[in-house]
Amino acid sequence: ALERALVLAHGRTVRREDLPAAVLAPGGRPAEAGGFGADLTLRHQGDDLEQQLVREALLRSGGNRRKAAQLLGISVRALFYKLKGLGITDDQGQ
């Protein structure tokens, strides 16, 4: 998880939001059994998972948004909307 966070970090510092939900619960405590933390709402878990998947696709595609969209099975336009909605900028996605 730490290695992945280093690769996906927003710059040179790994912050709490760079870690997967399976590592931390909302209060910064170790995740509960099952790796999802205390907040099991689909909205929270879904947004977290979606952000991880988008970042992973951008990482695997070397930042190429067209290829990342293909990996995610969505249009490039949909990817742009997701990037904006998730607050992922050019320097954060790679």
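All residue numbers in this chain count up from 1 along the given sequence. These numbers were taken from a predicted model, which means no experiment stands behind them.
- Side-chain contact between Arg55 and Leu86 is absent, with no heavy atoms from C-beta onward closer than 4.5 Å.
- In terms of heavy atoms, Ala69 sits closest to Leu79 at N-CD2, 3.8 Å.
- Side chains of Leu58 and Leu83 form a contact here, defined as non-hydrogen atoms less than 4.5 Å apart.
- Lys67 NZ to Leu72 CG: the interatomic distance, rounded to the nearest 0.5 Å, is 14.5 Å.
- Summarising the geometry, atom CZ belonging to Arg66 is positioned 13.0 Å from atom CG belonging to Leu71; distances are rounded to the nearest 0.5 Å.
- Expressed to the nearest 0.5 Å, how far CD of Gln70 lies from OG of Ser75 amounts to 11.5 Å.
- The shortest side-chain heavy-atom distance between Lys82 and Ile88 does not fall under the 4.5 Å cut-off.
- If you take CD1 on Ile74 and CZ on Phe80, they are separated by 10.5 Å, rounding to the nearest 0.5 Å.
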